[in-house]
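Here is the structure we will look at.
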Number of protein chains: 2
Amino acid sequence: MTKDENSRDHIQSLERGFQVLLAFDADRPNPSLAELASATGLSRPAVRRILITLQSLGYVKGEGGHWSLTPRVLSIGQHYSASHAMIELSQPHLMRLAEQTSESASLAALDGTDVVYIGRVPVRRIMSINIAIGSRVPAYATSMGRVLLAWAPPKHVDEVIDAGLRPLTRNTVTDPDEFRRELRTVRAEGYSIVAGELEEGLLSVSAPVRDQSGTVIAALASSTSSGRATVEELRSEIAPLVVRTADAISADYGHRASGKATSTVHREHEGFF
Amino acid sequence: MTKDENSRDHIQSLERGFQVLLAFDADRPNPSLAELASATGLSRPAVRRILITLQSLGYVKGEGGHWSLTPRVLSIGQHYSASHAMIELSQPHLMRLAEQTSESASLAALDGTDVVYIGRVPVRRIMSINIAIGSRVPAYATSMGRVLLAWAPPKHVDEVIDAGLRPLTRNTVTDPDEFRRELRTVRAEGYSIVAGELEEGLLSVSAPVRDQSGTVIAALASSTSSGRATVEELRSEIAPLVVRTADAISADYGHRASGKATSTVHREHEGFF
DNA sequence: CACCTCCGGTACGCTATGCGTACAGTCTGA
DNA sequence: TCAGACTGTACGCATAGCGTACCGGAGGTG
């Protein structure tokens, strides 16, 4: 077959393995072999081989004709965290920010058009969203996404816009021009505030975290709900604290602040994460 | 080659893919192709093919001859969390326990001879250990491990003992008989307290969480340090709270308490996780 | 009780898949 | 300028991994 996207240098069995692994879901927690086969579109023997391999690696477990993921799947992420020193290093800062504000503090990185939580100290359950490390949220509708995009190569911004700015609440910015203007504002002010664009009543402030070279590699956020604070309060009280904390993390990570927040707008390479 | 452990039904490329993915580490955050090849023992072209495949799946990123993991790796774990409703459901309970005790609260499951953190609300940084969701700790030296082993099939206990009870501090229980006695005590009392066996000065109390059938599938813990509490205080004040919270999680998950804590000692199958 | 259906497991032969060797091109440092 | 170490590519071979086909068992249904 010459129809494949990558054709050469693409290992079919590896991709299929992930297909099966990712087929486990909230809707499909204990699938049978046949169920997985139809969900992935693979033949039953193929799925069986994959499951047996995954089982021998300890990632899945078969029992009474039904399969489930083991906690070892969670440990895979440890390799990401461990290989990015910034994450561990930011933990005390997150904790302090959460204490000072009595609100949840989060750290996130950009992955495609999504924002992925890479660190978090929960304080209260925020609205209906269940946020945990590894959770994904559309970048365009969150303060962390805005920060990351504001300093990202233009290519990324185009990607996000091309993917579509769908209204998630009636406040969501969906106009490309307005969105780009918003990013420019964020870059000028050094932080982002988003109010109820991802979910009604959800407020958050976010500021950039930089590596040694000044590249923005993550975003720090403090989140609250409209019942507990107003946008103005966030701007005057919380935003400076978030910016200061983000700068502290950057400094810990090796970034020498050069004046204010104007080091490098963006680097040629796409950032560390 | 007929020497392989499983021979048939084992997919080589899949295993190799994970080998490469897991080769990223704190010591090897941005390996080169050659570095990964020598670390995994695979040929350079093989590693290259795997990297290209993983890149197309979004898990790694190559840049200037060096490779790194992307945050998408963290999202893999979401499939575990999502497929085990108990985790999300336990979150408010963890939060409440953390508030009531002003100490970190954790939830963990058994994976082989390790305990894996599957939920956590941090309050303070505990000692030198960096604990995050997905972190692994030897089961035998922690209160959560003791709880999980106390109700696990004997086979698991044998495994842990066979793997060796190495002293991690001078308090670590290393004698197999004493260890089994300890597990019996835990089962009788319905909770476990471990003081400084994993790390000097680290104290924790743990209680079992059960599923519908009464099988122990997770352990809930509250952790503190010897500077802030004594074993006696833990026993009289914190332990009952941890047990009550664990029971509440079990109830939320569908377990009907049958009297006290004496439902099923252990089920034939190995538990849900 | 016989029939049907859906399942998981196994066998097997084929071929495309993935393999390693070998070579080319590049960069760095001696 | 050369040596060494690296990445990337080409290529031909072996086999790894594929799907079809078949078997036996477990419900469900008439």
Side-chain angles (χ1 to χ4, degrees), chain A residues 1-24 27-57 59-70 268-270, chain B residues 1-24 27-57 59-70 268-270:
Chain A
M1 306 292 166
T2 53
K3 75 183 183 80
D4 254 322
E5 29 177 318
N6 292 17
S7 262
R8 276 274 158 264
D9 289 336
H10 193 85
I11 297 183
Q12 192 190 45
S13 327
L14 184 50
E15 177 168 18
R16 288 177 166 199
F18 278 101
Q19 267 180 58
V20 170
L21 197 68
L22 301 184
F24 291 81
D27 304 325
R28 220 181 290 110
N30 302 107
S32 67
L33 179 56
E35 209 170 333
L36 284 169
S38 81
T40 56
L42 304 174
S43 70
R44 273 197 295 284
V47 172
R48 186 170 178 272
R49 279 189 289 264
I50 290 168
L51 285 173
I52 289 175
T53 306
L54 291 175
Q55 184 175 44
S56 84
L57 296 174
Y59 294 118
V60 305
K61 190 167 133 182
E63 190 177 3
H66 286 262
W67 299 79
S68 58
L69 299 181
T70 73
E268 261 336 290
H269 55 286
E270 331 234 315
Chain B
M1 304 292 168
T2 54
K3 75 184 183 76
D4 252 322
E5 28 179 319
N6 291 18
S7 263
R8 275 275 160 261
D9 290 334
H10 193 85
I11 297 183
Q12 192 189 43
S13 327
L14 183 50
E15 178 168 17
R16 288 179 165 195
F18 277 101
Q19 267 180 58
V20 171
L21 196 70
L22 301 184
F24 291 81
D27 305 325
R28 220 182 290 110
N30 302 108
S32 68
L33 180 55
E35 209 170 333
L36 283 169
S38 81
T40 55
L42 303 174
S43 72
R44 273 195 297 283
V47 172
R48 185 169 179 274
R49 279 189 289 266
I50 290 167
L51 284 172
I52 289 175
T53 305
L54 291 175
Q55 185 175 43
S56 84
L57 296 174
Y59 295 118
V60 305
K61 190 168 132 182
E63 191 175 2
H66 286 261
W67 299 79
S68 58
L69 298 181
T70 73
E268 260 337 289
H269 55 284
E270 332 234 316

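Residue numbers begin at 1 in each chain, while the letters A, B, ... track the order of the sequences.
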Of the nucleotides D:dT9, D:dC18, C:dC19, which has the atom closest to the B:Pro45 side chain? D:dT9

Please give, in whole Å, the distance from C:dT17 C1' to B:Leu14 CG? 15 Å

Rounded to whole Å, CG of B:Asp9 lies from P of C:dG9 at a distance of 10 Å

Length of the CD-P vector between B:Glu63 and D:dT7, whole Å: 15 Å

Length of the CD-P vector between A:Glu15 and C:dG18, whole Å: 10 Å

Measure across A:Ala23 and A:Thr40 and return the closest heavy-atom pair with its distance rounded to 0.1 Å. CB-CG2, 4.0 Å

Identify the heavy atoms of A:Gly17 and A:Ile50 that sit nearest to each other, and give their distance. CA-CG2, 3.8 Å

Are any non-hydrogen side-chain atoms of A:Gln55 and A:Trp67 less than 4.5 angstrom apart? yes

Would one find a side-chain N or O of B:Arg44 under 4.0 angstrom from OP1 or OP2 of C:dG20? no

Residues A:Ser32 and A:His66: closest non-hydrogen pair is N-ND1, 3.9 Å

For the side chain of B:Leu33, counting heavy atoms from C-beta on, which of D:dT7, D:dC18, C:dG9 is nearest? D:dT7

Side-chain N,O (A:Arg48) to OP1/OP2 (C:dG9) below 4.0 Å: yes

Between P of C:dT15 and CD of A:Gln12, the distance in whole Å: 16 Å

Return the value, rounded to whole Å, for the distance between atom CD1 of A:Ile11 and atom C1' of D:dA16. 12 Å

Nucleotide nearest A:Arg16 (side chain, heavy atoms from C-beta), chosen from D:dG19, C:dG8, C:dG20: D:dG19

By nearest-heavy-atom nucleotide on DNA chain C, the more 5' of A:Gly65 and B:Ala46 is A:Gly65

Here the distance between atom P of C:dC19 and atom CD1 of B:Ile52, to the nearest Å, is 12 Å

Whole-Å gap separating C1' (D:dT7) and NE2 (B:His66): 11 Å

Can you see if the side chain of A:Ser13 gets near the phosphate of D:dA16 - specifically, an N or O under 4.0 Å from OP1 or OP2? no

Looking at the side chain of A:Ala34, which of D:dA16, C:dC7, D:dC18 is the nearest nucleotide? C:dC7

As a test of reading the structure: which of D:dG19, D:dT7, C:dC19 is closest to the side chain of B:Ser32, going by heavy atoms? D:dT7

Heavy-atom closest pair, residues B:Leu14 and A:Ser13: CD1-O, 4.2 Å

